[in-house]
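I have placed the structure first, in the form of structure tokens, so that the comments after it can refer back to it.
Predicted, not measured: the structure shown is a model, and the values here were computed from it. As the structure lists them, so they are numbered: ligands from 1, and atoms in each ligand from 1.
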Amino acid sequence: MIAIESVSRHVADLDAAASFYEALGFARGEARPWGAGGADQALWNTGDREWRGLTMSLPSGVSERQFPLRLREYRGGPRHVWNTLDAWSVGSGHMGLCVEDPYQTWNALANAGELRAQTRGGGPIPMPDEFRAEGERHVERPFATFRDPDGLVIEIQPPRRAHPATPNWVELGDERAGVSHLNLNVPNMAGAQKFFEAIGVEFPEGPFESFAHPWLGNVMGTPPEDGEWTIVYARLPEADGDGAMFSLELIEYHALDVERGYANALLSDANVTMITLRTPSLDDVMADAVAAGGTVYTPGGAVALDGASRAVVLRAPGPTRSSSSASSQASLRQPAGGDSPHRSSRSPSGASRRCAGPCGAPFGVAIRDTVACCDEASSCCIGNMLIGSCWGEGGAQWCSLMARLRRAITRSTWCVRTWQASSILSCPTRIRCSRRCEQRRPSSMTPEHGAWFVTRHEDVLKIYRDLETFSNADIYPTRVPIPCVIAEKVGADYRFPTDKHLNTMDEPEHTRVRKIMTKVFSARRVREREPEVRALANQLVDGFVNGGTVDLLGRYTSPIPTGVVAMLLGTTQEVGRKFRGWVENIFTLTGQLDLPEEEAIKHWNGLIECESWARDLIADHRKRPRDDFTSFMIEAESDDGSPSLSDDEILQQVLSVLLAGSDTSSVAIAETVYRLLAVPERWLAVVDNPALIPAAIEEGMRLASPVRGLHRFVTRDVELGGVLVPAGSDVYFMHSSANRDASVFADPDAFDLERSEMREHLSLGTGARFCLGAPLARLEARVAIETLVERLPDLRLAPDQGELEYEINMIVPILRALEVEWTPSSPA
Ligand code: HEM
């Protein structure tokens, strides 16, 4: 027999939460000062983080005992404050209190400055007539709702009587003042019933009725267009309550977006509510809960709170119809690799959990086997290795992209290729790549291991900030093996140099080299380049201005950054025109997979040509030094007068600037222009007021995310978004998703030139790895758009220019074209 022992709230600020509950009438009890460890720490699986706690209590509404409310605050680790979510999100809920005089409670809260009215009308609402007319379900009484400081709704009403006429009601005794019930919003009532019944909670007879609840919707502050709900009152005994039964109210709310919610909540996040259930037979209950679809958060999911009793924390089973909530079930799950020791030791119930999407595959299967269903079925199965939810324009489109990326990455991330024995034998050079990766990543060398996809802004920030755990070293080897004809030409050991680019170095090398390069990219030096960039932009417009139509990408947005990089490196514009092709070669071989042999040969040849050009460039600069990046790299000296950079490092920085500064800027300019032209009034607004251009560029960069995502190698076990990512993993974090994370960007898909959080986008990275070329990229984009506005004010999208089309690539997708037109001032 289980019994409810207490309710726990994890809060953002313990003092604030305690003041609120005190004003509501709760008494302060045992306090626990800041510190790490303890049974609770293990129970909530919060690692070494510090926490403090306070137990508060109010009499139970059904038994003689004091009902404990345990408040906890964490610090020092990843934590999300979910106080902006509506009270009807899945995972959210409310707590019901009976109070002798609701008006008095209302006033007490107001006097204490703690009143956060939830009602739409802003005051306690007497029971309206329509409710009685509708079905005599309740007696007339004042009823109001508040939010606690972290967002939990508290419902107050006078002591009530059980009302058998209420649908889906389990008959209870009269309730006294005190804690009366706890509500949980569930995505699927049938699943919730299965789960709770399995652990011993008593349910009324089904089938359950659904009904509209406009009045209650108003009190709860749900949107006016609310639909039907199913409310079920289940019950379970109170611990030490002499058999008194406590109400567990479950609501499935049909109209609201069940995909919102605490999908990825950590147990330590603020505004997470938990029920602690006491059971004499923990193992049995745990087994039953898991069999009924429950999620186990901690090893065994339980911990003894004292010698006599045991507490379990169980969550309701995950949703069966919400894809993002599918990742909620995944949130503390181990990687999908079948042989991972982490999985077996820390996820005992893994085998019984299944994908909540249509494929229903058990978690832990090789992703390869389930990816097919992802193409059709939203984010089904992506939850296997997805940290966060997939944000972005058109969920299905994104999920399909994710699925494609996923399939690609599964096939060959880090040489995790399903090599055919015959091809290995026929072309020995192909083995090389595998061997190198094996040495580096022994733990992730199975086809079942792909990369962890990291999608949330908060988690991406964490990766950027933790340089030790998330390593950049040598993360972009070419993934397409060297074709035999190329190997014959350059040798079996040929390797395009990408291991010492600034963004593939770890500390301390990274800081040493970055310091040197920073001088070339300083704001002053970038400003000095503005006249050259403007001259280049005008020269390019001169080349097509009379035509009335052009592929702006090929003739303008791409030649500007490549031209600037050519100037920077000290080569001619003619050579600069080759950059786009070279960059495409490199991005294709590092970010795309499964190329046909002919394509692979073409791209490998491009790499070889590019490297050989860079070597010649450096040799030429040694002979004839100039005032440019290349000479600066060559001449940089350490304190003792020796060259700061080795020959290989100079070569690689030349290549890294070429790579980092070409297509990225081109896409940023093209996407911004496209989004301005897509809504003609937007373009006209910018023509009228070019001061809007910088904001347009930031929004263009945010929405387009020219660098879609990046990889890191995980050097030690780390928790990321509630997922334990083992050392040796590959994480792929998506700017494209983080930049549309609704918890950071209001109305994230909107192109909004006035958004206050505009600069929060991560398109240019952040922290120690913030894009070194960012001032230059912003300058190029500004000058490019200013020039268009000035020279072609009536610019518009060509009639056949639909959505921008990209060659899918995990790092920098290659944009195909941007067709525009205008009315030439003189005939072509
Ligand atoms: C809109 C255009 C651009 C975008 C979206 C962009 C994006 C990024 C991002 C996301 C990073 C972080 C890489 C990582 O952490 O692994 C980065 C780094 C870098 N970017 Fe850019 N970039 C742009 C333009 C440029 C330009 C024009 C240059 C130079 C000509 C440049 C040079 C670099 C360099 C050298 C790094 C490495 C910084 C480091 O690791 O310390 N970027 N860029």
task: Please list, chain by chain and in numerical order, all residues satisfying side chain to side chain donor-acceptor pair (under 3.5 Å) with E530, sequence neighbours excluded.
output: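 Scan of E530 (side chain to side chain donor-acceptor pair (under 3.5 Å), adjacent residues dropped) gives R534, R782.
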field: Which segment of L762 sits under 4.0 Å of ligand 1 when only heavy atoms are counted
entry: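 Neither; nothing of L762 gets under 4.0 Å from ligand 1.
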message: Taking 4.0 Å as the limit for heavy-atom contacts, which would you say applies to R514 with ligand 1: side chain only, backbone only, both, or neither?
response: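 For R514, only side-chain atoms sit under 4.0 Å from ligand 1.
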Is the shortest distance from a Lys or Arg side-chain nitrogen in [X] or [Y] to a carboxylate oxygen in the other one below 4.0 Å?
X    : Y    : value
E649 : R512 : yes
D647 : R622 : yes
R529 : E780 : no
R624 : D620 : yes

Is there a heavy atom of [X] sitting under 4.0 angstrom from any atom of ligand 1?
X    : value
Q653 : no
H510 : yes
S763 : yes
H501 : no

- request: Would you check if there is a donor-acceptor pair between the side chains of D648 and S646 at a distance under 3.5 Å?
  value: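 Not at all, the side chains of S646 and D648 share no donor-acceptor pair under 3.5 Å.
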query: When rounded to the nearest 0.5 angstrom, what is the spacing between CD in E760 and CG in N739?
result: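 Nearest 0.5 Å value for the CD-CG distance: 10.5 Å.
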Under a 4.0 angstrom heavy-atom cut-off, which atoms of ligand 1 come close to [X]?
X    : result
A777 : 1 (C), 2 (C), 24 (C)
G765 : 10 (C)
N503 : 16 (O), 37 (C), 40 (O)
N472 : 16 (O)
V707 : 7 (C)
L710 : 13 (C), 14 (C), 15 (O), 16 (O)
R712 : 14 (C), 15 (O), 16 (O)
S665 : 1 (C), 2 (C), 24 (C), 27 (C)

query: Taking both backbone and side-chain atoms of H735, is any N or O found less than 3.5 Å from an N or O belonging to ligand 1?
result: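 H735 vs ligand 1: no N/O contact under 3.5 Å.
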Taking [atom] as the point of reference, which of [options] owns the nearest heavy atom?
atom                    : options                : value
atom 1 (C) of ligand 1  : S705, G661, A668       : A668
atom 11 (C) of ligand 1 : L764, T766, T504, L779 : L764
atom 3 (C) of ligand 1  : I697, V812, T664, T511 : T664
atom 28 (C) of ligand 1 : P561, A774, S656, G773 : G773
atom 18 (C) of ligand 1 : A781, A768, C771       : C771

Can you check whether [Y]'s main-chain N or O pairs, donor with acceptor, with [X]'s side chain at less than 3.5 Å?
X    : Y    : answer
S666 : S662 : no
R525 : T518 : no
S763 : P706 : no

message: Applying side chain to side chain donor-acceptor pair (under 3.5 Å) as the test, list every pair that has at least one member in residues 562-585; sequence neighbours left out.
response: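 Checked against side chain to side chain donor-acceptor pair (under 3.5 Å) - neighbours excluded - the pairs reaching residues 562-585 are K578-E609, W582-E609, N585-H603.
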message: I'd like to know whether CG of D627 has more than 12 heavy-atom contacts from other residues, nucleotides or ligands below 6.0 angstrom.
response: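 Counting neighbours around CG of D627, 12 or fewer heavy atoms of other residues, nucleotides or ligands fall under 6.0 Å, so no.
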